[in-house]
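As the structure lists them, so they are numbered: ligands from 1, and atoms in each ligand from 1.
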Amino acid sequence: VKKLNIALVGLGNVGSGVYQILTKEIDLINLRCKNKIELVAVSARSKKDFIDQAKVKFYDNPLDLAEEKAIDIIIEVITEEKTAYDLLSKAIKNGKKYISANKALLTNRGFEIAGLVEEYNGHIAFEAAVGAAIPIVKSFKEGLAANKIQEFYAILNGTCNYILSKMSAENLDFDSALKQAQDLGYAEFDPTFDIEGIDTAHKLTILAAIAGNFKPHFDNIYIEGITTINISDIKMAFELGYKIKLLAIYKNLDQNSTFQAVYPTLIPITKKIATIDDSYNAILTYGNNCDWNFHVGRGAGRLPTASAIIADVIDMANDRFTYTFNCKADLLEDAKIIAINDRHGKYFLKLSLDYKLSKDNNSVAKLFLGGSKINIETSFFTSNKNGTEIIFGAIITAIKESDLIAEIAKFDQNLVKSSKFIRVEETGGF
Ligand SMILES: NC(=O)c1ccc[n+]([C@@H]2O[C@H](COP(=O)([O-])OP(=O)(O)OC[C@H]3O[C@@H](n4cnc5c(N)ncnc54)[C@H](OP(=O)(O)O)[C@@H]3O)[C@@H](O)[C@H]2O)c1
């Protein structure tokens with residue numbers, strides 16, 4: 001039995017949670033560790049009152065921790081990417097084990113990091129970077145390791161899920177729901193990364209790399225956030241039997257290609273994933289041997305995120321290690337990701353129609369006749385608040401996205417004042 005000394009870099013939201021668990025629950029943690037652990041050093045831009053400085057030494061420069069012979073494990077929970085990378089590379093080169101929650105870093109430099117870890121025979125773990133308290137990284141690398149992950153559908157951003165849930169449950173417009181999320185501390189002052197889908201795409205990149213043994217490829221992922229979703233879309237979707245969620249979607253297609261995208265999606269109300277509201281995250285996975293599998297939990301927050309980090313610490317103290325992206329770095333392949341225009345699936349089509357012209361029932365029917373590739377599955381009409389426009393909403397049967405766009409371009413513009421579509425995902429499983 002050896003003792004492993006831990007350094008914690010970053011003492012903000014997540015870092016304070018890690019400190020709390022490592023101090024208050026140290027006996028329980030050590031009960032579960034082959035090699036005992038102890039927090040001995042911390043670093044941040046500024047000192048914090050909650051640190052017991054008699055037991056834990058403060059370092060002004062986090063990079064100095066990577067040089068300290070006595071440090072075995074570095075936990076990095078800072079927001080700044082450049083310092084995080086410098087710390088990681090120095091620490092790995094100096095033989096430290098490394099834990100990070102930094103999804104942007106793992107997304108943007110993941111392949112390089114995997115190579116570095118292997119070159120120096122190092123170890124890195126990042127359970128907290130995706131889905132926080134949900135053990136999805138471990139699940140893909142360990143519990144489901146005997147499977148080809150064929151598909152997953154994931155709610156990976158608590159802020160977006162909170163906003164869409166509030167809009168739906170309380171009839172709130174987007175801005176009011178966002179304001180509530182900010183007041184509760186779910187959304188940052190600048191929420192762009194969350195609401196534009198970028199944070200979700202970072203997490204998709206990491207999970208897809210693990211699922212398919214790919215080099216992380218953020219740039220090729222199609223990303224659409226939730227800013228274009230309004231209360232009318234949510235209500236109409238509900239009338240048609242669906243809820244709207246921001247999903248990260250991964251599908252393993254034929255010919256070694258994959259579909260990887262982030263967009264708001266209509267999901268049938270009858271599916272469990274459609275019922276995951278508030279700031280919870282969820283991942284619905286299909287593996288070729290395990291069949292469908294469903295994880296739900298807190299995808300952000302001080303203690304839920306720290307919980308995942310401490311699980312990585314316990315793994316390291318028990319000498320449990322896995323490859324960075326689930327195989328040796330030089331075996332990771334370039335993912336072939338198909339273009340969004342080639343998506344083949346169902347769509348929710350919403351048309352705003354001229355009031356007078358739409359009174360003639362045939363005028364709307366004519367839009368979908370004459371060789372149109374659009375086939376209506378279910379539809380209904382409603383009107384806007386002041387009754388000046390008729391809104392037509394329909395679920396259309398599976399079609400290639402480029403064909404749908406071409407058909408919409410052919411609509412009579414005197415009748416159709418504006419149009420939009422939202423993709424529909426009818427997942428398997430429960
Ligand atoms: N919040 C979550 O729920 C959550 C969930 C999953 C993953 N994460 C990830 O966890 C990481 C930390 O997030 P957070 O919410 O805890 O952020 P935060 O509250 O803003 O805290 C960031 C901490 O990092 C320190 N820091 C920033 N730049 C530094 C630098 N160059 N050198 C030294 N210290 C530096 C800050 O020091 P000062 O306090 O002195 O300014 C602060 O203590 C991020 O990578 C985030 O993406 C967060």
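In this structure, the protein non-hydrogen atom closest to atom 5 (C) of ligand 1 is T305 OG1, 3.3 Å. The protein atom (non-hydrogen) at minimum distance from atom 28 (N) of ligand 1 is R45 NH1, 3.4 Å. Counting protein heavy atoms only, atom 17 (O) of ligand 1 is closest to T79 CG2, 3.5 Å. Of the protein's non-hydrogen atoms, the one nearest atom 3 (O) of ligand 1 is G301 N, 2.7 Å. Nearest protein heavy-atom neighbour of atom 12 (C) of ligand 1: V77 O, 3.3 Å. Protein heavy atom at the shortest distance from atom 9 (C) of ligand 1 is A101 O, 3.3 Å.
Below 4.0 Å from some heavy atom of S46 lie the following atoms of ligand 1, by number and element: 38 (P), 40 (O). Ligand 1 places these atoms under 4.0 Å from at least one heavy atom of E80: 28 (N), 31 (N). Of all atoms in ligand 1, numbered sequentially from 1 with element shown, those under 4.0 Å from a heavy atom of A128 are 6 (C), 7 (C). Heavy-atom contacts of K103 reach the following atoms of ligand 1: 6 (C), 7 (C), 8 (N), 47 (O) (cutoff under 4.0 Å).
Taking the six-membered ring where the residue is Trp, Y347 and F421 present perpendicular rings, their angle passing 60° and hence far from 30°.
By the criterion of a heavy-atom distance under 4.0 Å, neither the backbone nor the side chain of A129 is placed next to ligand 1. Counting heavy atoms closer than 4.0 Å to ligand 1, residue A132 contributes nothing at all.
Applying the ring-ring contact (aromatic ring centres under 6.0 Å, His included) test to F111 and every residue at least two apart in sequence or in another chain returns nothing.
Side-chain contact between N161 and L246: absent, with no pair of heavy atoms (C-beta onward) separated by less than 4.5 Å.
In summary, the aromatic rings of F325 and F140 are positioned with their centroids too far apart to meet the 6.0 Å limit. Here Y19 and F50 bring their ring centres to under 6.0 angstrom of each other.
Residues S46 and K48 bring a donor and an acceptor atom of their side chains to less than 3.5 Å of each other.
A cation-pi contact, defined as under 6.0 Å to the ring centre and within 45° of the axis, is absent between R423 and F348.
The shortest N or O to N or O distance between G10 and ligand 1 is not under 3.5 Å. An N or O contact shorter than 3.5 Å links K48 to ligand 1 by distance.
Surrounding OH of Y59 are more than 12 heavy atoms belonging to other residues, nucleotides or ligands, all under 6.0 Å away.
Counting only non-hydrogen atoms, the option in N102, T83, V14, L11 that gets closest to atom 13 (O) of ligand 1 is V14. When the heavy-atom distances from atom 45 (O) of ligand 1 to N13, V130, L87, I78 are ranked, the shortest goes to I78. With distances taken over non-hydrogen atoms, the option nearest atom 42 (C) of ligand 1 out of G299, G12, S43, A300 is G12.
Residues D72 and N5 share a closest heavy-atom pair of OD2-N, 2.7 Å. In this structure, P264 and I244 approach most closely via the heavy-atom pair CB-CG2, 4.1 Å. Considering all non-hydrogen atoms of both residues, L105 and E76 come closest at CD2-OE1, 4.2 Å.
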